[in-house]
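Take a look at the structure set out below.
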Amino acid sequence: MADIIQLLPDHVANQIAAGEVVQRPASVVKELLENAIDAGAKVIKLIVKDAGKTLIQVIDDGKGMSETDARLSFERHATSKIRTAEDLFSLHTKGFRGEALASIAAIAHVELRTKQEQEELGTLIEIEGSSIKNQELTVTPKGTSIAVKHLFFNIPARRNFLKSNTVELRHIIDEFHRVALAHPDIAFVKFHNGSENFNLPVSNYRQRIVNIFGGKTNEKLVPVEEATEVLKISGFVGKPEFAKRTKNEQFFFVNNRFIKSPYLNHAINAAYEGLVKEGSHPSYFLNLTVDPKTIDINIHPTKTEIKFDDEHTLYAIIRSSVKHSLGQFNITPVLDFDRDNNLDTPYNYKNKGISTPRVDVDRSFNPFQEERSAPKSGGFSNGYSKPPAVPWESLYVGLESKGTKTEHDFSELQFESNPENVALFSEDSSLNTSQTTYQLHNKYIISTIKSGMMILDQHRAHQRVLYEGFLKHLTVKEAVSQQLLFPLVIEFSSTEMDLLLRLKEDLEHTGFVFSSFEDHKINITGVPVNVPESEVSIILEQLISDVEQEVPDSNFSATDLLAKSMSKSLAIKTGQSLSKVEQEHLVNSLFACKEPSVSPTNKVTFITMSVDDFDKKFV
Ligand code: ADP
Ligand code: MG
């Protein structure tokens, strides 16, 4: 038979890739602003016409490009920002993929003018749908101007997918706010349809916030400053009485990058508990600084997600610092300020007195109990033995549920054991008298296996366990829900409501029961059995954020996305300490899964090291 495989022509490949980078005009704004910042600009101008559908132009006074670089910048994977893969771990620029300009040029008319300081003349390049229409020397000031016209001119489907000007402009402004807030040391000016809507001079952080959100903002800001070993926080939160019905004044920046994190957002809400009305949202503008090695920035250009090594601790520190600030500024009644005791270790409060450590003695502790239940490893050879009933609530410490007792009864879920995995463990219990587990840095579970040892990532492993559980419920459509004593009312914006409505049926299959779904409000009367009431808002917000970040063209499977999103929200976090029983139960549950080796997002859940590997190291 004749060969049938062909290489896609560049312009087609570029158009496909562009779909990933450019979803809407706001994505272009983000990429161009970030390039200007990377170029060391001190003043950046953004000009927009018709919500970016007709024109998006960014003019900077940065370092500009040479003639050759100007031409090269439109090639895919052309970047001046990294050279080797190692550079990825010490990123100090916004961009590094070298894809933005190539993608934008594939789906729009682009006019680039750029000049380096020492040059007499600059370069003008005009490109339409990846093909160069004109290149010449030109008179232009130092820096770069990139004008993007007629976005999606050659992909009518994408153009039709764009929302109204109001919606698209909202996205652009959001993007502009995020960039401008992260860089008060750069001046920004923004025009829409010929009129100037923002003029932000170089200023301190407080002034930048006030310049963006208006003069009244000043009186409502309360500073938050905290430095611990793992996390530095600086910025402002809003006084509770100014909490708003919308969430558009909520900003987290991690190492100068805007991120979305429903989990950390929950930490703030927890700090405000009892201070703001149900359905209103406190403002916050917080810069978090962490060691870049402890985060995993999702390198997908349009995503704003980030993974922390130790989310659980960050949650506690953020909640406590915000609470502390609110308390210090006499916003909360002083007595209400209950600090979380287990937080004191990473803290250096100036006036912290010395106190005698308290020793808690567990009088019911029976040292022989463990031994009696020890010969468990043998259980694996008989297939999956039902693990002991585990108090799964304890996996959610730190996120106290508001008085409702919930059952996290995953031990009830019956999985079919996968025989291949069982073989990992010892067949002969005499060789391996007890399957010992050990938790390392509240992150990994180490367990002995037949050939040596296995190291399991607790967060990813638990995600896999929960994910398969949810998928099962979603497909068989017979999830069990627990009735809430008091209905939970959660407010959402109209876009969020639209989105949740699309997922309503699937949500019901996981065990949610809604009594009404209207007027920006969802009334929840039942939740899946394994979901603590206090986590419901995190789950729904995480879900909204996950759906928003899905590339619109990709295969959207609501069921899978829901299962992934919920397992992400509910999985045991890194940083969470687990009892022996919980550790063992996690190991057992993971190996009862159909696909234990990867997390729902295809990340490795465990690795093994054989005794041979150790022997080699000990020569
Ligand atoms: P990335 O930012 O990931 O490197 P881009 O496609 O956004 O990729 O840009 C490609 C290259 O073009 C950059 O690495 C940079 O060298 C150059 N460039 C883009 N925009 C500017 C600008 N405003 N000023 C100077 N150089 C720029
Ligand atoms: Mg870039």
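We number each residue from 1, following the sequence as shown. Ligands are counted one by one from 1 in listed order, and the atoms in each one are counted from 1 as well.
- Ranking the protein heavy atoms by distance from atom 10 (C) of ligand 1 puts A78 O, 3.3 Å first.
- Residue E31 has no N or O atom closer than 3.5 Å to an N or O atom of ligand 1.
- Of the protein's heavy atoms, D60 OD2, 2.8 Å lies nearest to atom 23 (N) of ligand 1.
- When only modelled atom types and interatomic distance are considered, Q458 and H462 share no side-chain donor-acceptor pair under 3.5 Å.
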Q | Step-by-step salt bridge (charged side-chain N to carboxylate O under 4.0 Å, His left out) determination, R71 to E75 | A | CA-CA 8 Å; R71 175 67 199 83; E75 295 294 328; 3.5 Å; yes

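- Nearest protein heavy-atom neighbour of atom 22 (C) of ligand 1: T144 OG1, 3.7 Å.
- In summary, an N, O or S atom of N35 is located under 2.8 Å from the Mg ion (ligand 2).
- Checked by distance only, ligand 1 and A102 stay at 3.5 Å or farther apart across all their nitrogen or oxygen atoms.
- An N or O contact shorter than 3.5 Å is missing between D38 and ligand 1 by distance.
- Among protein heavy atoms, the minimum distance from atom 18 (N) of ligand 1 is reached at M65 CE, 3.7 Å.
- Using cut-offs of 30° and 60° on the angle between ring planes, the pair F285 and F213 is tilted.
- The atoms of ligand 1 that sit less than 4.0 Å from any heavy atom of E99 are 6 (O), 8 (O).
- Distance from atom 2 (O) of ligand 1 to its nearest protein heavy atom, with residue and atom name: K81 NZ, 2.7 Å.
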(Q) Apply salt bridge (charged side-chain N to carboxylate O under 4.0 Å, His left out) to residues R170 and E168 and explain how you reach the verdict. (A) CA-CA 5 Å; R170 182 74 250 159; E168 294 302 339; over 6 Å; no

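- Atom 14 (O) of ligand 1 has its closest protein heavy atom at S80 N, 2.9 Å.
- For ligand 1, one of its N or O atoms has an N or O atom of N35 under 3.5 Å away.
- In this structure, a donor-acceptor pair under 3.5 Å is present between the side chains of T313 and D310.
- Here's the thing with L101: one of its N/O atoms is less than 3.5 angstrom from an N/O atom of ligand 1.
- A cation-pi arrangement is absent between K573 and Y315, since the terminal nitrogen or guanidinium carbon is not both under 6.0 Å from the aromatic centre and inside a 45° cone about the axis.
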Q: Determine, step by step, whether Q250 and K260 satisfy the side-chain contact (heavy atoms from CB on, under 4.5 Å) criterion, reporting the C-alpha distance in whole Å, the side-chain angles of both residues, the deciding distance to 0.1 Å, and the verdict.
A: CA-CA 9 Å; Q250 302 193 324; K260 273 191 185 159; over 6 Å; no

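- Closest approach of A41 and D60 over heavy atoms only: CB-CB, 3.6 Å.
- Against a heavy-atom cut-off of under 4.0 Å, A100 is close to the following atoms of ligand 1: 6 (O), 7 (O).
- The protein atom (non-hydrogen) at minimum distance from atom 25 (C) of ligand 1 is A39 CB, 3.6 Å.
- A perpendicular orientation is assigned to the rings of F258 and F253, their planes being inclined by more than 60° (bins at 30° and 60°).
- Of the protein's non-hydrogen atoms, the one nearest atom 12 (O) of ligand 1 is S73 CB, 3.3 Å.
- Exactly one residue among F252, F236, F251, F242 makes a ring pair (Phe, Tyr, Trp, His ring centres under 6.0 Å) with Y284. That residue is F252.
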